[in-house]
Amino acid sequence: MMCLNPIDRLRGCIASAAGLPINAVVASLEVAKEGFGDYTLVLPKAGISKAQAEEAAKTITRCSLVSRAQLSGIYLNIYLNREEFAYTTLENVVGYPDYGICREEKPKRIVVEYVSANPIHPLHIGAARNAALGSFIAKILKSFGNEVQTRFYINDVGRQTAVVALGFKLLGKVELPDNMKPDHFIGLVYAVTSTLADIQSIKKRLATATGEESKRLQEELDQLLADAARLSKIAPDIFTAISEKARDIDFEEEISKIMKSYEAGEPETVKLVRSIVEKCIEGFKETLRRFGAEIEVWDWESDLVWSGEVAKVIEMLKKVATVHKGALAVDFKAIDSPELRARLGIPKNLEVPPLVIMRSDGTTLYTVRDIAYTLKKFREFNADRVINVIAAEQTLAQAQLRLALYMLGFTREAENLLHYSYEMVSMEGVKMSSRRGRIVTLDEVLDEAKRRVLVELEKRGSQSQEVAEKMGVAAVRFYLLSVTPSRPVKFSWSLVLDFEKNSAPYLLYTYARTEGIFRKAREVGIELSWSKLLEIMDRRFAEHERRWRLVKLVAQFPETMLASYRSLDPSTLAVYLLKLADEFNSWYDEEPVITEPKESIRAAKLLLVYAVNRVISTGLQILGIEPLPQI
RNA sequence: GGGCCCGUAGCUCAGCCAGGACAGAGCGCCGGCCUGCGGAGCCGGUGGUCCGGGGUUCAAAUCCCCGCGGGCCCGCCA
């Protein structure tokens, strides 16, 4: 990994000065606790004996970045040479415009598939977490020098598109109103049709049910009727039109007919389904562009079926299939082993049931189609790696996918397919359901965020729509990225729209403040040539405590980026940026920069502001947030 | 019934994977700072059986085992 990294330099310097193996230093060097120096070597971790440590405490000062070291129990507390270290750090920042970003020595070709939401309703807040994570992954991988391609899998084969197609058939037209985004309108048609279909089906079952079963169905029906009542209020026209026709048709029969004829490629159905889905995709693209999560390649699941690629996979699967519960299925028991699981990244106790190959009516199944899709992703981009950003609820299906690939002999693909799993976004108490139209859409969250930012802007005498839009989007993105992916996110308006300390607006404001200092400096005739400032600055400036703390945090940036890159976890970076902003604001409040009388100190202060400016800017961009020079 | 993930201050979260010194932030609450380069700020205070119980270790929020609570999955749905 190639990059300018002050901490890396420090580790090398310490290792050679103290005569310690570099691995030992890497494993045991930590940021010191408050009051115990700057860095600490934890001796047992490094495998260093007491005698060695005593010797090291003396020789370590040969490293010019270190001023002294003190042995304290199992710790060797290291006090840095502030002049040297501060200069090195600022030199790195000035010398490399992308300070903090490293270059992968062996860049890879990587496909990142994300969002891939069902194309029959607007993107909701859960999909937003996916979009934020997926676009973050693509950005950080790309910035480190990898070739990245982003893809969206349009799930147009299957029951749900048939449901919405039937809805439009019943409506009698496929025209969409101009006053609503297409995906929002389609979402309503879908929710109405789906709810009415389920009501019909439950009523049928209720007619013959008895006892407990009957009671359970009745409860389910009550819930459905409540949803229907709500939908009839939200979308009265759609609701009336569809429910009037509902009496005369059998939903299940109609839906199944559409499904079959779509898979078969029957032209009229293809035209109907495609025209609806295309409109919905238009809505997705608009939202994703707004959210800073655009996707390059859009793949139709149906194309895989019609081109025969899925059939080919099924032929291959048949050769390794056995009969399971009366259906042709692939049983993974034969190849399953702890070693294989480790190679494919499958949890060791996960029970993996056999994978059914196709329905008895001959239509295909999702996971099987996904095998064909995975092969396509590897093939078309000549990818070394494919990352699927998919919610944790699909862990099992994704494990089956990798095992199936392996069983078919696609070893390389199976080993290099990564299920990037994240937990869902839940609403306080309410269960989100797109089938019932019970969702918080990303569009409305962004609208509300923008509105709230505008209120704050107006308090400060601005009413820039553009700034409000960008800040609103930033706030939502940041909120979704600042929680570790493996942890569930509880959605709440008050948290998303909290613009105080732990937020994107706070970071953006801090960044704008650094820009403000530069503007002011130019106004009073200070030349902002960073390399020149580096020459004239007083290297002892970091004797001052707050300046020093800031230097150390800036020095930590490449390490933080690297950790975020390796784990693909944006929260590491988000938390770091907040800490840096806090530290900067504390210092800013304490010391003036422009009016500093001593030129050499002023130069150092300006460089410190510049360093913070670069770090926040780079960090935000990786998180998919555009820094604003002026708010 | 089995599996995956989560459980840290009143609330929202970091720290856990690679065990180390008194467990950290923000919000909230209480009290200060407002003629200064941008106050979405700054300074101080308040607040914790790290879900519980065992075990491993010189050392456990972190690793292992047994429980408890919550979310999700176990379909010829996607």
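These numbers come from the heavy atoms of this one structure, side chains and all, not from hydrogens, waters or symmetry mates.
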Identity of whatever pairs with B:rG44 - Watson-Crick or G-U, under 3.5 angstrom
B:rC30

Rounded interatomic separation in angstrom, taking CG from A:Leu577 and P from B:rA14:
16 Å

Hey, is the side chain of A:Thr40 pairing donor to acceptor with the base of B:rA21 inside 3.5 Å?
yes

A correct 5'-to-3' footprint of nucleotides 3-13 of chain B, with B, S and - meaning base, sugar-phosphate only and no protein heavy atom under 4.0 Å, is SSSSSB---SS

Is there a donor and acceptor pair closer than 3.5 Å between the side chain of A:Tyr509 and the base of B:rG38?
yes

What's A:Asn23 touching, base or sugar-phosphate or nothing? Going by heavy atoms closer than 4.0 Å.
nothing

Taking only side-chain nitrogens and oxygens of A:Arg460, does any of them come within less than 4.0 Å of OP1 or OP2 of B:rG41?
no

Mind listing the N/O atom pairs, protein and nucleotides 27-37 of chain B, below 3.5 Å?
from	atom 1	to	atom 2	distance (Å)
B:rC37	O2	A:Val593	N	3.2
B:rC37	O2	A:Ile594	N	3.1
B:rC37	N3	A:Val593	N	2.8
B:rC37	N4	A:Tyr588	O	2.7
B:rC37	N4	A:Glu591	O	2.1
B:rC37	N4	A:Pro592	N	3.3

Counting just side-chain N and O atoms, does A:Thr572 come under 4.0 Å of either OP1 or OP2 of B:rA14?
no

Output one line per pair: protein atom, nucleotide atom from nucleotides 65-69 of chain B, and distance, for all N/O pairs under 3.5 Å.
none

Whole Å only: how far is the CD atom of A:Glu393 from the C1' atom of B:rG71?
11 Å

How close or far is atom P of B:rG38 from atom CZ of A:Arg522, stated in whole angstroms?
13 Å

Starting at the 5' end of RNA chain B, which residue's closest nucleotide do you reach first, A:Thr364 or A:Pro44?
A:Pro44

Nearest nucleotide by nearest heavy atom, which residue falls closer to the 5' end of RNA chain B, A:Ser586 or A:Gly326?
A:Ser586

